[in-house]
Every structure is written in C-alpha cells, then in structure tokens.
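Everything below concerns the one structure shown next.
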Amino acid sequence: MEVKIKLKSLKELKELRNKVQKEMEMRDQGTNPEIIVGMGTCGIAAGARDILKTILEEVDRRNIDLRVTQTGCIGMCEKEPLIDVKMPGKKRITYGNLSTDDIKKIIAEHVINGNIVKDLVIAKHEA
Amino acid sequence: MRELILHILDIIENSREAGADLIKLKIFEQPEQDSLKIFLEDNGSGIDKDKIEDITDPFVTSRTTREVGLGLSLFKEAAERCGGNFNIISKKGKGTEVMVEFSYNHIDRAPLGDIITTLTSFIAVNGDSIDLMYRHKFKNREFCFDSREVKKELDGISIQSGKIIGWIKNYLKDCFAEIYGGED
C-alpha cells in the first residue's frame, strides 16, 4: 500500500516546516513543564479525549512551551478524567474529576502563573 | 463509549503500552453491504497464548493484568450488540491484530465519531515515537495517511508541533470531503 500526499499539500507542509524550525531555534530547550493525561479505558470513557483536545488547543492558543504526554490507568478510575502537572523542580500534582473548563483554569493558573488550583487537586507527589 | 473512534483510541493505548512504534488502522465503510469493518494492527510486544483466550473476558483480564483491561471486552460487546463480530490475533514479540465488524445500519451501532480530532491528538502526543498508518474506505473511494511520509518532508522537525498537527487536520479534512463526496 503506497501513500501519496498531494503536491499542493506537500508544498504547504514544506513551508510550515521552515516556519516551525525558526520558532524552535528561538525557544529555550530542556526545562519545560509537562502535563500527563490519563488515557486508559477509564479515562477515555470519562472524557479524556476532549480533555486532551482542550490542552492541545490551549497550548496552541497561548503559544506555551509545554510537553503533553499520556499514560494508562493509574488505579484512580473513579477520579477520571485526570491529569498530572509537572512544573520544573516542583512537586507533581494530580488533578481529578476534570471538565474542559477546569483544564483552562489549570493551564492559566498553574502552568502559566505557578499557582496550584487547590480545589481540583487529588494527590501530590514528590518531584 | 459513545463513539467507535474512542474504542479505537483505547486499543491504540494498549499498543502504546505494549511498546509499539507502528500502528496500522483501517476503516472500511460499506453501507450497501451493511458492513463496517475496523482493523487495527501493531508491532508491540504481543499477548501470551494462554492469555489471548480470556482477553475479552472482563473478569479474567481486568484482574490478572494491568496492561490489558476492560477495553477489548467493551469493544467486543459493542460489536456483538449490533450483529457484528470481534477477532484478535497476537504473536508474542511480533504484535497484535484486532478485527471488528459491525452491521453498518444497525440501530445500536455507535457513530464512528470525531476521527480527525482523535487521531491528530494522538499524533500530537505520541507522533515522535509512534507512527500511524491509516486507511479509510467509503464505498469505492478511499484515502491513506502515513505519518512516516509526513516525517520524510519534515526533515528532523517534530511531527508533534502545533503547526504540523494543524496541517494534518486540514489534510484529513480534505481527504474525508473527497471520499464522502458531499454526503456524510
């Protein structure tokens, strides 16, 4: 099975590639915050796909340097959808029972301003 | 799960945890033959022979293993509830294949759902380490997408960058418009 990408789209892709490269050169590498999304069966059934979608949209919209990764079931199925926020050098915070509005709040207050959103926290772990 | 693509996302998560770096997804829609087929294939660590028998039994699997939970049983149940069938083949060390067929027009069949958002989100998070080959057929029209082909053009730039993901979204949108040809 051979896959061919159409020529017009390819041209766009190449232009984008060069743009992205310029942006990356300007960015500071290494010490990025990270959000980990629970994507086990329990997470997906509780709405993790839309949680992930909202995180990616916020990252894009606010143009922040944030690593987004996913994990399987961590044994807190009843608290799904949940995410972990890891700020460089700080404790890893687990947030649970989340809505997409909660995600916007967490990104604005925790990731950008560095303040933990206390009422959504379900666990704290050592860094 | 209210969308079939969420079952697919769930199985893909199994593949990711099984260490796969290539996932192949095929969706064949044949409304005239009342058939909707979904094929998933990975090159992950595979499942032991003695486990595969029980893999879709929610009580056996969810208790004995961590890496395989309820997901496969739910997918199987979703297919069988609407006159379909479910098959899984796995070879330890080689990978796993899941094949599911639904009765296309069955009243209880969940819609495919938001395929583009789901797959592009997966690529946005895992695209650097896991490749996705995706083929979608509707009646006699089809398209293919292969993240390895995109990477060739990117020449070292991450496929997970927002702008590239945006491009993939638009590309898939065009592909769908073409195969559905105005009708949805």
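A note on names: the letters A, B, ... follow the listed sequences, proteins ahead of strands, and every chain is numbered from 1. The structure displayed is predicted, hence computed values, not measured ones.
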- Query: What's the spacing between A:Cys73 SG and B:Glu17 CD if we round to 0.5 Å?
  - Reply: 9.0 Å

- Query: So, for A:Gly40 and B:Asp10, which heavy atoms are closest and what is the spacing to 0.1 Å?
  - Reply: C-OD1, 4.2 Å

- Do B:Tyr104 and B:Phe86 belong together in a cluster built from hydrophobic side chains that touch within less than 4.5 Å? yes

- Look up atom CG in B:Leu9 and atom CD in A:Gln70, then write down how far apart they are to the nearest 0.5 Å. 7.0 Å

- Under 4.5 Å from any heavy atom of chain A - which part of B:Ile168: neither

- Is chain A contacted by the side chain of B:Arg16, its backbone, both, or neither, given a heavy-atom distance below 4.5 Å? side chain

- Item | Co-membership, hydrophobic cluster, residues A:Leu120 and A:Ile107, 4.5 Å side-chain | yes

- With a 4.5 angstrom heavy-atom cut-off, could you sort out which part of B:Leu74 is near chain A: side chain, backbone, both or neither? side chain

- Message: Can you confirm whether more than 12 heavy atoms, excluding those of B:Lys173, are under 6.0 Å from its NZ atom?
- Response: no

- Item | Nearest-0.5 Å distance, CZ of residue A:Arg17 to CD1 of residue B:Ile159 | 13.0 Å

- Query: Which atoms form the tightest heavy-atom contact between A:Val20 and B:Ser161, and what is the distance?
  - Reply: CG1-OG, 3.6 Å

- Message: Using the rule that Ile, Leu, Val, Met, Phe, Trp and Tyr join whenever any side-chain heavy atoms are under 4.5 Å apart, tell me whether B:Leu132 and B:Leu6 fall into a single cluster.
- Response: yes

- Message: So which atom in A:Ser9 and which in B:Trp167 form the shortest heavy-atom distance, rounded to 0.1 Å?
- Response: O-NE1, 3.1 Å

- Of all heavy-atom pairs between A:Arg49 and B:Ile5, which one has the smallest distance, and what is that distance? NH1-CG2, 3.9 Å

- Contact leader toward chain A among B:Ile11, B:Thr120, B:Ile157, B:Ile164, where contacts are heavy-atom pairs under 4.5 Å: B:Ile157

- Message: With clusters defined by side-chain heavy atoms of hydrophobic residues (ILVMFWY) lying less than 4.5 Å apart, directly or transitively, does B:Phe138 cluster with B:Phe39?
- Response: no

- Message: Out of A:Asp50, A:Leu13, A:Leu10, A:Leu56, return the one with the most heavy atom pairs under 4.5 angstrom to chain B.
- Response: A:Leu13

- Residue B:Asp155 versus chain A: region with a heavy atom under 4.5 Å: both

- Message: Quick check for you: to the nearest 0.5 Å, what is the distance between A:Ile44 atom CD1 and B:Glu3 atom CD?
- Response: 11.5 Å

- Query: Does B:Val98 belong to the same Ile/Leu/Val/Met/Phe/Trp/Tyr cluster as B:Ile52, with side-chain heavy atoms less than 4.5 Å apart forming each link?
  - Reply: yes

- First locate atom OG1 of A:Thr41, then atom CD of B:Glu13, and finally report the distance between them rounded to the nearest 0.5 Å. 8.5 Å

- Item | Heavy-atom neighbours of B:Lys151 NZ exceed 12 at 6.0 Å | yes

- Item | Greater than 12 external heavy atoms within 6.0 Å of A:Arg67's CZ | no

- Distance (rounded to the nearest 0.5 Å) between A:Lys53 NZ and B:Asp114 CG: 6.0 Å

- Query: Which region of B:Ser121, side chain (C-beta onward) or backbone (N, CA, C, O), has a non-hydrogen atom less than 4.5 Å from a non-hydrogen atom of chain A, or is it both or neither?
  - Reply: both

